[in-house]
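The structure appears right after this line, and notes come after that.
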Protein chains: 2
Amino acid sequence: MKIDPDSTVDLSAQIAKAIRDAIIAGDLIVDQRLPSEAELADHFDVSRPTVREALKRLAAQSLIRTQRGATGGAFVNRLRFEDAYAQQVTTSTLLLSMNAVSFDVACEARYALERACAPLSAERRTPDHLATMRAEIHRQGQPGLTDEAFCASDVTFHRALVDGAGNKVLSYQLAGAVEAMQPLMNMITFTARSREAIVALHTDIADAVEARDATKIDATLVKLEAYTRELAHSVVTARAQKAAEKEHKTA
Amino acid sequence: MKIDPDSTVDLSAQIAKAIRDAIIAGDLIVDQRLPSEAELADHFDVSRPTVREALKRLAAQSLIRTQRGATGGAFVNRLRFEDAYAQQVTTSTLLLSMNAVSFDVACEARYALERACAPLSAERRTPDHLATMRAEIHRQGQPGLTDEAFCASDVTFHRALVDGAGNKVLSYQLAGAVEAMQPLMNMITFTARSREAIVALHTDIADAVEARDATKIDATLVKLEAYTRELAHSVVTARAQKAAEKEHKTA
DNA sequence: GCCAGATTAAATGTCAGACATTAAAATGTA
DNA sequence: TACATTTTAATGTCTGACATTTAATCTGGC
C-alpha cells in the first residue's frame, strides 16, 4: 500500500483508496484488524489526523468499524445486506431528487424491476410474505390514514412481494428502486377513490401470489403502474392549472 | 442542525448525519456552499479536526465536494449517475464476496433484472447500442483473448443491452447486478467451445434486439442463464474432483 | 483609464503534541 | 479462586500552528 505525496489529491483520499483497494483485492479480510492509527501514520509518513480522515471515509462506506480500548482499532467490516440496503436507498433517493428524474422514468424502472421478481415470488413466497401483504392491504383501507403512512404501507407491501422471491441479492437491488420512489409518491394526494382502486389492485396481487399465478401478478402490476402514472399526471395537470389561474389573477 | 455532545456516538458521525439529513431534506440544495470549517466548528461547538472528519465522511459518499482557495469551501454535490454507478458497483461487489453469495443466487438476480430490460430495449435501442453489441460479439470471438478480457467484454455487451432500454434509472440499478458478477464469472475458465456457445447466444440476442423481438430476447436470456449456471457448476464439480484426487494421493 | 503584476485574504490541507475516554489485560489481594 | 485495582494501548478530541491554493484587491506604469 503506497501513496504519492506529490499528487494534488488529498492525502487522506489517497490513503483511503489504498486501503479500500486492499480490501476489495482481498489483501485485508473481514474482521482483520488494521494497524493502529499511529502505525498507519508512520507507514504512510503522514500525521495521525490525516490517517483519521482516511479512516472516517472508509467508515462512511461501512468498509471498516472502529473500536476503542486496549484491544481496539479499526477492523474490516463485513458489509451486511441491511447496511447496503440503507446506503442504496439514500443514494437512489438523492440521485432521483438531484437530477430531477421524472416520475415516469422512475416509475417505469421500478415496475420493470418489480415485475422481474413476480415469477420467483409466485414460486417461493411463504405464508409470512402473504401475511405481510394482507396486513398492509388492511392498513391501507383504514380511514384517517395520512398520505405519508399510506405510501409507507405501500412500500412495505411491495417489499414483501419482492422478498417473496427469496433472493437476497434481488431484494437488495430492488430496495433502491422501490424506496427511492417514496418522495415522488408523497407528492401525490391519494383520494378515497384512488386508495380504493389501489387496494383493489393490491388485493388482486396478493390473491395471485397466493394462487402462485405469475401471469396474473405481472398483469396486475402493469395495471398498477398505469394507474400510478395516471394519478401522478393528474396531480401535475391540476398544479399547472392552479398556477395558470393564479397567473390570470395577478395579471 | 444540532448534535448531542453527551451521546456515545462519535461527534464527527453525528455532525455528518446532521448535514446529510439537511441535504436529504432539501434544506441544503445542490451547489450551495456550506459554512467554512471554522464556522461549523463554532456552530457545533467542536474543534476543526472533528468537523473535518465529518466532512470527509460526506465526501466519501459524494454528497459534498471541497474546493481550496479564497472562495473555496465545501459545496453540496450534485450526485451524478456515474458516481452512483461506481459506488453501486463497489458496494455490490463487496456484498457478494463478503457474504459468500452463491453463484446461482447472484446469477438468478442478474438475469431476472436483465430480462426486465428486454422489452424496453427491444422498443428503444438505437443503432449505437446495436453497434456496441456487435462489436463486443466480434471481440469475444477473437482467439487469444484472456478469460478476464472475455468477461469484461461480456459485461460491456450486457450493459449495452440494458442501456438500450433508454432509462437511466434502470441502467443505474442494473450496474451493480451486472458488474458485481464479474469476480464470480472470473472464476470460470472459458474453453473455446463454451465461448463459441456464448457468442452464438449473444448473436441471437443482438439479432432479436435488432428485430425488436422482445420475446426472443427473453427466451435467449433464459438459455444464456441456464448455460452460464451449467458452466459454473462444471467448474465447481471439477474442482471438487481434483480435491478428492489429491486427498486420495496423500492418504 | 486600463492592464499586468504583486499583494492580500480566506479558505482548505497538513502537522505536532497533548489530554480524555474507553475497555481489555495484567496485577494484586482477600 | 474470585474480585477489585491498576496498567496499558487504543481511539476520540482539542489547541494552535503552518503550508498551500485561489480569487479578489491593490498598485504602478503605460
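A, B, ... follow the sequence lines: proteins, then strands. Residue 1 opens every chain. These numbers were taken from a predicted model, which means no experiment stands behind them.
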Tell me if the side-chain of B:R68 makes a donor-acceptor pair with the base of D:dT22, cut-off 3.5 Å, by modelled atom types. no

Atom of A:V76, atom of A:L34 and distance for their closest heavy-atom approach: CG2-CD1, 3.7 Å

Ranking A:G69 and B:R52 by the position along DNA chain C of their nearest nucleotide, the one closer to 5' is B:R52

Of the candidate nucleotides D:dA10, D:dT11, C:dG13, which contains the atom at the shortest distance from the side chain of B:E37? C:dG13

B:Q67 CD to D:dT20 C1', straight-line distance once rounded to whole Å: 14 Å

note: B:L55, atom CG; C:dG13, atom P; distance rounded to Å ~ 9 Å

Using whole Å, report how far CG of B:D42 lies from P of D:dC14. 12 Å

How many Å lie between CG on A:L58 and P on D:dT11, as a whole number? 14 Å

Straight-line distance of A:L113 CG to B:N167 CG, nearest 0.5 Å: 8.5 Å

Between D:dT11 (C1') and B:D10 (CG): distance, integer Å: 9 Å

Presence of donor-acceptor pair under 3.5 Å, side chain of B:R48 and base of D:dG16: no

To the nearest Å, give me how far apart NZ (A:K56) and C1' (D:dG12) are. 8 Å

Given 3.5 Å as the limit, does a donor-acceptor pair link the side chain of B:D10 with the main chain of B:S12, or not? no

Angle class for the B:Y85/B:Y172 ring planes (parallel below 30°, perpendicular above 60°, tilted otherwise)? parallel

Distance in angstrom units between A:I64 CD1 and D:dG12 P, rounded: 9 Å

Rounded to whole Å, how long is the line connecting atom CZ of B:F75 with atom C1' of D:dT22? 12 Å

For B:V46 and for A:T8, locate the closest nucleotide of DNA chain D by heavy-atom distance; then report the residue assigned to the nucleotide nearer the 5' terminus. B:V46

Mind checking B:R65 for me? I need base, sugar-phosphate or nothing, with any heavy atom below 4.0 Å counting as a touch. nothing

Considering just the side-chain nitrogens and oxygens of B:T50, establish if one lies under 4.0 Å of OP1 or OP2 belonging to D:dG12. no

Is A:T71 close enough to C:dA24 that one of its side-chain N or O atoms is under 4.0 Å from OP1 or OP2 there? no

When every non-hydrogen atom of B:I64 is compared with those of B:A74, the smallest separation belongs to CD1-CB, 4.2 Å

Contacts of B:P49 and B:S36 projected onto DNA chain C by closest heavy atom; the upstream (5') one is B:S36

